[in-house]
Structure formats: C-alpha cells, structure tokens
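Just the heavy atoms: all of them, side chains too, but no hydrogens, waters or symmetry mates, feed the values below.
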Amino acid sequence: MDEKYFAKKIEKKWQQIWEENKVFQVEISQEKPKFYALEMLPYPSGNLHMGHVRNYSIGDALAWYKRLKGYNVLHPIGWDSFGQPAEDAAIKRGVRPLDWTENNINQMRGQLKRLGFSYDWRREIFAHRPDYYKFDQWFFLKMYEKGLAYKKLTQVNWCETCKATLSNEQASGGLCWRCGNPVTKKDMQQWFLKITAYADQLLDDMKEIENGWPEKVLKRQRDWIGRSEGAYVDFALKENPAGIEKVRIFTTRIDTIYGANAIVVAAEHPVIESNFEYFSSEVKEVVRKILAEKRRVVDHEVEQEKEGIDTGLKAVNPFSGEELPVWVGNYVMMEYGTGAVMSVPAHDERDFDFAKKYGLPIRQVICRIEESTNFENAKSQLKEAFTDYGILVNSGDWSGKHSEQARKEMTEFAEKKGFGKAAVTYRLRDWGISRQRYWGAPIPIVYCDVCGIVPEKYENLPIKLPENVEITGMGESPLAKVPEFVNCSCPRCGKLSKRETDTMDTFVDSCWYYFRYCDPQNLNMPFDPKIVSYWTPVDQYIGGDDHAVMHLIYTRFWTKVMRDIGLVNFNEPVRKLLTQGMVVGETFFEVIPNPEDPQGKGKRIYYPPDSVKVQRDSKGKILSATSPEGKPLQWAIERMSKSKGNGVDPDEMIEAYGADATRLFILFAAPVENELVWNEAGIEGSVRFLQRLWRIFRKWKDKIAEAKTPSEQTFSQQAKALRRKTHQTIKRVTENLESLQFNTPIAALMELLNAIYDFKIEPENAKESDAFAMREALESLIIMLTPFAPHTAEELYSHLVGNQKGMLLNGVRFPDFELHLAKDEEIEIPIQINGKIRSKIKVSAEIKEEELKELALTDHKIKEYISNKEINRVIVVPKRLVNIVIKP
RNA sequence: GCUGGGGUGGCGGAACAGGUAGACGCACAGGACUUAAAAUCCUGUGGAGCUAUGCUCCGUGCGGGUUCGAGUCCCGCCCUCAGCACCA
C-alpha cells in the first residue's frame with residue numbers, strides 16, 4: 001500500500017478491474033429485487049460540464065448504494081445525439097454533423113469513464129444511429145395509424161435573408177443568429193402529435209406519481225396543461241356580407257354574460273377573413289396591423305398595448321337579446337378556445353383595459369354578497385375589474401343567484417336552448433415535431449401525386465439520412481436539396497414520389513430511450529415488452545429541472561401511447577423524480593439591442609471570464625467588469641455552458657484532484673436540489689478527507705487485518721465511544737441516502753473519520769477489542785464511502801480483505817447498524833429557567849423523568865435562580881431538556 | 001401581475017415530529033513539527049459587553065402573535081430566485 005494517496009493511479013486501476021470483471025453488467029434476475037436508476041442522457045456537445053458531473057454523481061451514488069443494499073441495479077447511459085448544434089458546427093467549421101457528433105461522443109465517453117461512473121456500457125444508445133431512429137420512425141407510423149400524427153398549418157420563425165426557418169434559440173432577441181436581420185413568422189405545413197388527446201390522462205395520472213415527484217414539477221405540468229372548465233356560447237350574427245350565422249365564444253364565466261358589451265375576435269378569425277373585403281379601410285388597416293404585429297418575433301417581457309376596432313358587425317347576446325358590436329382585438333388568440341370572446345369589462349381585467357381605452361360601456365353584473373341586498377348600479381363605478389365570484393345583479397331572471405350556481409344553471413340553459421354547451425379547453429397544444437433540419441430522424445412519409453400522403457412501410461425502415469449533405473443554414477430544409485433522398489417510389493402505388501424532408505424534434509428521441517436501454521439490440525421492435533416489464537417503470541430518475549415540463553410531459557405522453565399499443569402495462573414511466581439544481585458560474589456579456597423591439601432583451605455576446613477584468617469588493621461581490629478592449633460589460637450568474645464561456649472542465653478537476661474528490665465535493669457542496677455556484681476552493685477539503693482516511697487506514701491496516709470478530713466481550717470507554725459513533729453514522733447515512741440527501745451523509749462520514757482520529761490508542765498498544773472497534777469503524781466508513789468515492793473505497797477495501805476482486809464480487813453489503821450500540825450512554829441535558837438555558841448536566845441516557853427533574857432542581861447554578869422564587873411548573877422532556885417556570 | 005420555492009456566521013450549508021441554533025466543510029488566526037516552506041497535527045473562530053480560566057446580553061430578513069419554549073407554527077410586511085404571462 002502506497003504511503004500516499006495517489007488518486008489517478010487507483011482510479012485507473014479500479015476502472016480497469018470493474019471493466020474486466022464486468023461488475024456493472026446486469027441481466028434479468030429473479031433472485032434480487034430490481035432497481036432502475038436513470039439519469040437524463042447527455043447531448044454530446046463536446047465536453048462534459050459540471051452540471052453533468054453533478055447529475056451523474058447523484059445517479060452513481062444511488063446506483064452503488066442500491067447495489068450494496070442487494071438490488072439488481074440497471075444503470076445505463078446513452079447519447080441524445082441528434083440536434084441543432086451539430087448543424088451549427090457544420091455551418092461554422094465545415095465538419096460533417098456525423099463526424100462532429102461521433103467525435104464528441106468519444107470525447108465525452110472518455111470523460112465519463114475517467115470519472116468512473118458505474119454504467120453498463122453494453123446498453124449505450126445513440127439517438128443519431130439508424131438502429132435507434134428506425135424506431136422513432138416506427139413510433140411515428142404507429143401514431144399516424146392511430147390518427148395521433150397529423151399535418152397542419154402553423155407559424156415558424158423565418159429569416160427572409162437566409163430563407164431559412166430558425167429555432168427559438170437561433171431567433172433569440174428577435175434577430176437571426178447568422179445574419180443579424182430581424183426574424184419574422186411564416187406559415188408552414190408541419191407535423192403534429194396529438195398530445196392533447198391525452199390531456200386529461202396527463203392530468204389525472206399525476207395522482208399515481210405525486211408521492212415520488214417534486215410538487216413544483218407537477219405544478220408546472222398542471223399549468224402547462226392548463227385545463228379550464230367553462231362553456232361555449234353561440235352569438236347569432238346579424239346580416240353580414242359573408243353570411244356567417246354565428247360566432248362561438250368560450251368563457252369560464254358564463255355568469256357574467258349580461259355584462260357583455262361586445263364580442264371580440266382574433267384577427268385570424270374566420271368571421272374577419274370572410275368579411276374582410278367589405279370592411280371599411282380603417283378596419284382593414286387595423287386588422288392588417290394586428291396580423292403584422294403577430295408576425296414579428298419579440299420578447300414576451302413587455303406587455304403589449306391592447307388594440308382593436310369595431311368591425312361594424314353585430315351579434316346578439318342569446319341570454320339578454322341585446323345587440324352587441326363585434327370588435328377585432330389583438331389580445332384575443334386564435335389558438336386558444338374559439339378565437340372569440342365575449343368582452344365583459346366589469347369582470348375581466350383585459351376586457352376592462354380594452355373598454356377603458358375605447359370608451360366602451362362597463363356594466364357590473366356581479367357584486368359582493370354583502371352588497372347584493374342594496375346594490376345600486378348608478379353609484380357603483382368600478383375602478384378595476386371585479387373578477388371574484390359573487391351574486392348576480394342586472395342579469396334578468398338570473399339576478400340574485402350565486403356565481404357558482406349560475407355558471408352551472410346558465411350552461412344547462414344554453415344547452416337546452418341549443419345555443420351553447422359545457423366545454424373544457426386546454427392551454428396544452430399539440431406537439432409540433434417538424435423541423436426543417438438535417439440532423440434528426442426523417443419523418444417516414446411520402447407524397448405521391450396519385451395517392452397523396454402515404455406512410456412508409458415498416459419493412460422500409462429506417463429511412464436513412466444521407467451522409468453527404470451540404471449544410472449552409474440558408475434556404476429550405478437541407479434534405480430537400482438531396483435528390484437521392486427526396487426522390488422515391490410511392491409505398492402504395494410504386495410511382496415516382498417525393499419524400500417528406502422534415503425531420504423530427506429531438507424530444508422524440510428522449511421519449512423512449514430508457515425503454516431501449518432494457519433491450520438495446522432489438523432489430524425488429526423498439527424493445528421486447530417482456531424484458532421491459534422486468535426493469536420498468538424507472539425507480540429513480542435524476543436530471544435538471546429545466547426538463548420539468550417538455551421532456552417529462554412528452555415522455556409521459558409517449559408512455560400512454562405505448563400502453564395503448566400494448567408495449568407497456570402501466571400509465572406512468574417514472575416512479576420517483578429528483579430534479580437537481582443547476583451548476584452556475586459568473587458570466588460577462590454585452591447586450592446588442594434588437595432595433596425592431598428596443599424594449600426586448602436583445603442579444604447577448606459573451607466574454608470568457610478569464611478574459612474579463614473584474615473589480616470586486618472585500619466580500620467578493622463584483623463591482624465592475626470590462627472586456628479586454630476596455631468595454632464595460634454586464635454580469636450575471638448563469639448556468640454553466642460552453643457558449644457562455646463559464647464552464648469548468650471536469651478533466652482539469654480530475655487531473656488536479658482526482659475523480660473521487662471531484663465527485664465527493666460536488667455532492668457535499670450543497671443539497672442536490674439547490675443551485676450550486678461553482679467555487680473551486682472547497683474541493684481541497686474533499687481531497688484532504690480522502691487523504692486523511694488513507695493515512696489513518698494505512699496506520700491501522702495490519703493491526704485490524706485479523707480483528708474480524710471481537711475476541712473480548714468488554715470494551716474500553718474509547719472503544720465503546722468509537723463503536724457508538726460508527727453505528728450512529730451507519731444509521732444517519734442510511735437514512736439520508738434513503739431520503740435522497742447526499743450532502744449530509746458525507747458530513748456524517750467526515751465526523752466518523754474525526755472520531756477515528758480522536759481514538760487515542762496507538763495500534764501497538766491496542767488490545768484486540770480496540771482493534772475490533774477500529775476495524776468496525778474503518779470498514780463501515782470505507783463501504784459507506786463507496787457511493788461517493790468508489791475508487792478510493794475499493795482500493796482501501798482490497799487492502800482490508802487482501803484480494804483485488806472488488807466489493808461486489810466479494811459480496812459486500814452496506815453495513816447495518818445496531819440500535820443498542822448507537823445509543824448514547826450519557827447525554828447532556830440543558831436546564832432552562834423560563835425558556836433560557838441556565839445550566840447543563842450530564843446524565844445517564846436511561847434516567848427516569850423524576851430523577852432528572854430532581855437533579856435539575858438541585859443543580860447548584862439552578863439553585864441560585866430558584867431560591868426564594870415560586871416554581872409554577874417544571875417541564876421535563878425526556879432525553880431533551882428540563883424547563884423550570886418560575887414567577888419572575 | 002399570478003403561482004411556487006427561499007432568506008441561518010466572512011462563505012457553502014446542518015438542525016428528529018416545537019426542545020442545547022451554527023453539525024460538516026471552506027476561509028481566517030494562533031501553536032507544534034521543519035534550516036525553511038509545503039504538507040500534516042493541535043487549538044480557536046456568530047456579534048457585543050464585562051468585575052474575562054467565567055459570566056451577561058443580543059442573534060436564524062422585518063413587525064406582531066401562539067407556546068413553558070419558535071430557525072421550525074399563525075398573521076402582516078420586505079427582499080430574492082424560479083416558472084407562467086393577454087389562455088377568456
């Protein structure tokens with residue numbers, strides 16, 4: 001055993017042993033309970049960053065812990081390797097997306113291996129390889145068959161200069177990332193998946209996972225789905241040139257319908273489109289302006305001024321018979337509800353603003369319960385919209401009813417009379433999966449002049465991406481420029497046809513990858529349902545909370561579809577979810593404003609922190625920052641990323657401190673759900689801890705080698721105290737890990753090591769019982785350290801047992817604690833007078849309540865306080881404290 | 001604006017179920033070892049005060065409340081982070 005702790009040497013050694021012994025390779029086994037530990041798979045951007053290290057350190061700690069607890073642990077990894085950055089690299093540097101991606105994967109796999117994560121590498125999956133995306137296409141066809149995949153017209157970000165569609169990131173700040181010109185919106189036919197068909201299930205099934213998922217994630221998903229119950233009401237349209245009979249509106253507040261002063265429709269509404277040519281030039285002008293505004297890409301930071309105009313059309317309120325003007329308004333969205341609303345300014349903030357601006361009448365029809373008996377309309381000038389429920393007034397026969405009851409009854413009434421019905425709408429939209437990009441799974445659809453839209457045959461999958469494609473970032477989709485790809489024969493009639501050139505959103509790949517891990521080589525199916533039924537659902541999923549909504553809702557949706565086609569037999573794929581906080585660092589940037597949207601955030605140009613001159617105050621707060629050229633810069637604390645230049649390279653950490661120390665520190669530094677501001681200074685403490693353990697182990701190694709069982713029944717006070725600390729630590733670490741805390745168990749291990757250092761008997765003088773206590777302490781500590789610093793733990797353990805098989809092949813189990821050994825014999829009890837601590841006494845842990853009270857009252861310090869005072873009460877909390885309440 | 005988290009030493013953070021606030025680590029200071037430095041080991045470290053080997057007072061964002069007792073529970077503020085933002 002080396003005198004010193006050489007991290008790199010032992011890390012390399014154990015990584016090799018693990019690989020040779022295949023200790024992390026798992027198969028289905030009925031002998032052990034299974035545990036599926038899953039971390040979100042990385043995008044191969046080039047290098048790991050500290051956020052990855054954190055994510056995978058958590059997952060690896062859990063996987064190790066469960067293995068040591070006797071579980072059959074599936075712990076895989078793979079690559080989310082389709083996506084835009086590969087194309088950006090192709091444009092900027094002329095590398096092929098495939099080469100760029102594979103190189104990055106090789107680089108990052110090397111980093112993962114150097115960190116020593118315990119993956120079953122045989123199960124590694126690659127989203128960009130045909131054997132994987134074949135089944136993206138397979139799923140697409142299944143969905144198409146079930147009517148869950150369809151095409152519709154929608155808006156995309158469009159750069160007129162480059163003639164290209166842009167992702168939201170490429171259009172950030174409203175400017176094109178390539179040419180810097182303002183981005184507009186363009187209508188395009190795109191493929192959608194009908195996630196809205198599962199809206200209710202996505203909502204209802206949350207009760208199956210609410211115990212295992214963070215409430216904040218479920219809440220965000222609930223908001224994202226945005227279920228809202230209300231009613232449709234048809235307003236008959238008076239004579240209009242296009243001859244449209246009625247306008248259907250959606251409202252959650254049908255009880256306020258007597259307060260409607262207008263119908264407001266979106267500029268895209270059919271009523272507007274079909275009557276457009278008959279409108280006055282003034283109306284046309286406003287409609288055009290609203291439509292144009294909607295095409296601009298702006299930040300949503302600033303609230304848009306409400307605008308609109310009376311179209312001159314008239315509609316009739318079916319409840320009151322009142323004739324109302326039909327307005328067009330920029331605040332009504334065509335995509336939600338029916339694209340038309342009734343404007344009730346008295347009881348809706350937006351309608352209130354709108355009515356104020358255009359001087360429309362405001363009629364109150366709901367009032368507070370206490371006002372309802374003598375409600376005087378004239379006096380009640382509303383200063384703001386009254387949006388609460390209340391009592392109906394000015395509402396014909398419905399006056400006097402409570403909102404809640406009126407909503408129900410008025411909806412029923414509308415239904416009976418045939419001009420409305422109860423309705424539920426969702427904020428959730430169908431999932432647009434079309435991308436006008438190269439680096440994604442091609443959508444397996446063919447356009448035939450004769451047969452129309454034709455799905456590919458399953459036996460023709462995968463539809464492979466052509467490899468040599470010129471990617472410029474300009475013009476239409478890259479695949480459209482590849483004749484060998486585009487030209488094909490119709491799967492139905494065999495005639496020359498054209499292939500769909502859109503590829504799929506990469507969120508498709510990540511919807512089902514963790515099912516594929518279970519059966520990664522399957523050529524005919526995405527996976528064998530029998531195999532998957534052993535491993536899934538995922539027992540613990542770990543990842544960043546930036547995926548709280550999109551990825552996690554899409555994969556829940558995907559699971560329900562897989563259930564409906566018989567691939568799985570459960571509703572929810574993930575039992576427990578842990579969302580870790582981001583690893584962040586300081587960033588420095590200048591801001592380029594968007595001329596079209598001066599109030600927006602604009603575009604940020606980042607400077608690497610080591611190039612920036614920074615002034616700080618004594619506490620380290622930044623006072624000012626300037627670029628190398630002397631330009632003043634802004635600063636922030638943001639997620640670490642390559643593009644922002646604030647990343648820390650894990651390789652440098654491994655080189656300087658070792659993988660174990662890096663992993664240990666990132667778990668110790670903060671609770672996993674907190675944001676972690678990266679600060680390198682603290683990592684030294686982790687190295688020191690490992691070195692301290694190394695040294696004391698080395699000192700005791702020979703002495704404890706033979707002390708496997710206690711030879712004596714009696715232990716010295718020192719040995720007893722050490723054993724107590726050992727068993728207390730086992731208890732703490734176990735409890736902490738079971739509740740997914742990772743910083744506190746490491747602190748507990750540090751305490752145990754401190755206690756080992758406090759053991760004042762030297763090995764030469766140690767009795768066998770002392771050696772046993774020391775062995776118990778060190779052996780427990782080493783095994784408990786494994787989840788956090790596996791290489792170091794394995795190395796020390798190998799010296800303890802004298803073989804190089806490693807813990808798992810030695811059948812090592814996480815230590816169990818014995819409660820009677822963990823119990824303190826003597827405890828310190830504070831004695832309070834009126835809630836303030838005045839003395840402390842040491843007593844036996846088994847002391848009787850009466851005796852403790854007696855000791856407290858006779859304590860010499862306490863006597864001074866209570867002499868000549870009247871004692872009102874004495875509160876004795878067993879094993880905690882004594883509080884004596886006296887008259888002051 | 002709405003919703004949800006969160007404010008504890010110089011810093012990251014501990015604290016069972018209302019019961020000794022500040023575990024553990026970083027940083028800092030002092031000491032031992034050393035020709036010296038690093039490393040290591042030991043000690044100290046919330047603030048203020050005093051008649052200083054001890055004792056007193058204050059202290060978990062602010063103001064109130066409940067309680068024998070509040071970082072923890074309740075009410076009202078302030079700040080902060082995150083998500084959503086014309087969703088009818």
Side-chain angles (χ1 to χ4, degrees), chain A residues 4 214-220 222-224 226-228 230-231 249-254 256 264 300-306 329-333 335-344 347-351 353-354 387 425-429 545-546 548-549 581-582 618-620 637 664-665 668-671 673-686 688-689 691-692 695 732 735 741 743-754 757 827-840 861 872-886:
Chain A
K4 282 192 180 154
E215 179 50 38
K216 62 175 178 178
V217 172
L218 294 178
K219 189 198 172 298
R220 280 172 62 185
R222 239 175 253 127
D223 291 348
W224 183 264
R227 183 188 150 97
S228 127
I249 61 108
F250 175 73
T251 179
T252 54
R253 291 298 301 274
I254 196 170
T256 66
V264 187
H300 288 284
E301 298 284 295
V302 270
E303 198 172 307
Q304 300 283 303
E305 173 81 2
K306 286 184 179 51
N330 67 343
Y331 69 101
V332 179
M333 298 186 305
E335 306 84 52
Y336 183 78
T338 59
V341 300
M342 63 178 191
S343 171
V344 186
H347 306 291
D348 181 285
E349 279 162 29
R350 293 152 304 182
D351 297 339
D353 292 347
F354 196 66
T387 57
T425 60
Y426 298 89
R427 207 191 84 103
L428 182 73
R429 307 281 148 78
D545 67 356
D546 38 341
V549 177
M582 288 189 293
S618 56
K619 288 185 185 175
I637 291 188
L664 190 66
F665 175 66
F668 175 64
E673 63 275 10
N674 282 22
E675 184 177 270
L676 173 62
V677 183
W678 183 257
N679 157 25
E680 202 175 317
I683 198 170
E684 307 264 3
S686 299
R688 264 200 287 266
F689 168 68
Q691 288 170 337
R692 261 161 73 79
R695 282 195 303 269
R732 270 174 72 185
E735 285 167 357
Q741 290 173 280
N743 57 331
T744 46
I746 296 172
L749 295 179
M750 289 174 169
E751 280 186 48
L752 177 56
L753 183 61
N754 289 345
Y757 267 79
I827 50 178
E828 193 185 49
I829 299 285
I831 304 166
Q832 300 180 329
I833 305 284
N834 291 347
K836 289 193 174 180
I837 295 163
R838 296 303 179 186
S839 184
K840 292 171 184 178
K861 281 184 201 157
N872 286 353
R873 268 170 88 179
V874 179
I875 292 142
V876 180
V877 184
K879 298 187 178 187
R880 286 285 160 160
L881 56 50
V882 179
N883 187 10
I884 301 162
V885 186
I886 57 172

Checklist line | Conformer about C1'-N of B/G83 - syn within 90° of 0, anti elsewhere | finding: anti

Checklist line | Rounded C1' spacing from B/G64 to B/G12 in Å | finding: 33 Å

Notebook entry, point to check: Between A/G337 and A/D223, which is nearer to the 5' end of RNA chain B once each is assigned its nearest nucleotide?
Noted result: A/D223

Note to self: Would you measure the distance from the P atom in B/C42 across to the matching atom in B/C26 and give it in whole Å?
What the structure shows: 13 Å

Checklist line | Atom pair CD1 (A/I884) and CD (A/Q832), whose distance is rounded to the nearest 0.5 Å | finding: 9.5 Å

Next item on the list: Give one of base, sugar-phosphate or nothing for A/E215, where a contact means two heavy atoms less than 4.0 Å apart.
Entry: nothing

Checklist line | Length of the CZ-C1' vector between A/F665 and B/G25, whole Å | finding: 9 Å

Item checked: Gap in Å between the two C1' atoms, one belonging to B/A82 and one to B/G30, rounded -> 44 Å

Checklist line | Under 4.0 Å protein heavy-atom contacts per nucleotide of nucleotides 12-18 of chain B, with B for base, S for backbone only and - for none | finding: BSSSB--

Item checked: Backbone N/O of A/V877 and side chain of A/N883: donor-acceptor pair under 3.5 Å -> no

Note to self: From the set B/C26, B/A88, B/G4, return the single nucleotide nearest to any side-chain atom of A/V341.
What the structure shows: B/A88

Next item on the list: Would you mind reading off the distance between A/R838 atom CZ and B/C57 atom P, rounded to a whole angstrom?
Entry: 4 Å

Next item on the list: Determine the minimum heavy-atom distance between A/T425 and A/G337, stating which atoms define it.
Entry: CG2-CA, 4.2 Å

Notebook entry, point to check: Is the shortest side-chain N to carboxylate O distance from A/R253 to A/D348 below 4.0 Å?
Noted result: no

Check: Would one find a side-chain N or O of A/K836 under 4.0 angstrom from OP1 or OP2 of B/C58?
Finding: yes

Next item on the list: Taking atom P in both B/C86 and B/A15, compute the distance separating them and give it to the nearest angstrom.
Entry: 40 Å

Next item on the list: Report the distance from atom CZ of A/R732 to atom CG of A/L749, rounding to the nearest 0.5 Å.
Entry: 9.0 Å

Check: For B/G83, does either OP1 or OP2 sit under 4.0 Å from a side-chain N or O belonging to A/R220?
Finding: no

Check: Just how far, in rounded Å, is P of B/C2 from NZ of A/K216?
Finding: 22 Å

Margin query: Under 4.0 Å, counting only non-hydrogen atoms across every strand here, what does A/E828 touch: a base, just sugar-phosphate, or nothing?
Written below: base

Checklist line | Working for side-chain contact (heavy atoms from CB on, under 4.5 Å), residues A/I886 and A/N834 | finding: CA-CA 7 Å; A/I886 57 172; A/N834 291 347; 3.7 Å; yes

Check: Between A/N754 and A/R692, is a side chain to side chain donor-acceptor pair (under 3.5 Å) present by the stated rule, with each step listed?
Finding: CA-CA 9 Å; A/N754 289 345; A/R692 261 161 73 79; 2.7 Å; yes

Note to self: Roughly how many Å apart are B/U8 and B/A70, using the C1' atom of each and rounding to a whole number?
What the structure shows: 14 Å

Check: Is any side-chain heavy atom of A/D545 less than 4.5 Å from a side-chain heavy atom of A/E673?
Finding: no

Note to self: Taking the minimum atom-to-atom distance to the side chain of A/R692, which one of B/C41, B/C26, B/G19 wins?
What the structure shows: B/C41

Notebook entry, point to check: In terms of the nearest nucleotide of RNA chain B, which residue is placed more toward the 5' end: A/Y426 or A/G682?
Noted result: A/G682

Note to self: I'd like to check A/R838 versus A/K861 (side-chain heavy atoms, cut-off strictly below 4.5 Å). Are they in contact?
What the structure shows: no

Next item on the list: Have a look at A/V332 and say if it touches a base, only the backbone sugar-phosphate, or nothing, with a 4.0 Å heavy-atom cut-off.
Entry: base

Check: Given the P atoms of B/C33 and B/U51, what is the spacing between them in whole Å?
Finding: 36 Å

Next item on the list: Would you classify A/N872 as touching base, sugar-phosphate or nothing, given that sugar-phosphate means primed atoms plus P, OP1 and OP2, and contacts are heavy atoms under 4.0 Å?
Entry: nothing

Check: Can you tell me how far P of B/A70 sits from CD1 of A/I837, to the nearest Å?
Finding: 11 Å

Next item on the list: May I ask you to check whether over 12 heavy atoms, not counting those of A/E349, lie within 6.0 Å of atom CD?
Entry: no

Check: Which nucleotide sits closest to the side chain of A/Y336: B/A88, B/C41, B/U3?
Finding: B/A88

Check: Using the glycosidic torsion, which applies to B/A39: syn (within 90° of 0) or anti (everything else)?
Finding: anti

Check: Can you tell which of B/U20, B/G19, B/A23 lies closest to the side chain of A/V877?
Finding: B/G19

Note to self: Would you measure the distance from the P atom in B/C57 across to the matching atom in B/G61 and give it in whole Å?
What the structure shows: 22 Å

Next item on the list: Starting from C1' on B/A39, measure out to CD on A/E684 and report it in whole angstrom.
Entry: 12 Å

Item checked: Gap between atoms CE and P, on A/M750 and B/A23 respectively (whole Å) -> 14 Å

Check: CG of A/L753 to CZ of A/R688: how many Å apart, nearest 0.5 Å?
Finding: 13.0 Å

Check: Among B/U20, B/C26, B/C41, which nucleotide sits nearest the side chain of A/A681?
Finding: B/C26

Next item on the list: Validate the cation-pi geometry between A/K306 and A/F354: distance from NZ or CZ to the six-membered ring centre under 6.0 Å, angle to the ring axis within 45°.
Entry: no

Margin query: In this structure, how many angstroms lie between the P atom of B/A39 and the NZ atom of A/K4, rounded?
Written below: 12 Å

Margin query: Check the phosphate of B/C86 against A/R427, side-chain N and O only, distance under 4.0 Å to OP1 or OP2. Yes or no?
Written below: no

Check: Given B/C41, is OP1 or OP2 found less than 4.0 Å from the side-chain N or O atoms of A/R695?
Finding: yes

Note to self: As a test of your reading of the structure, name each stem of RNA chain B as range with range, where a stem is three or more consecutive Watson-Crick or G-U pairs at under 3.5 Å.
What the structure shows: B:1-7 with B:78-84, B:10-12 with B:24-26, B:28-32 with B:40-44, B:46-50 with B:54-58, B:61-65 with B:73-77

Check: Which nucleotide, B/G19, B/C86, B/C24, lies nearest any side-chain atom of A/Y331?
Finding: B/C86

Note to self: When the C1' atoms of B/G47 and B/G22 are compared, how many Å lie between them, rounded to an integer?
What the structure shows: 13 Å

Check: Nearest-Å distance, CD1 (A/I746) to C1' (B/C26)?
Finding: 15 Å

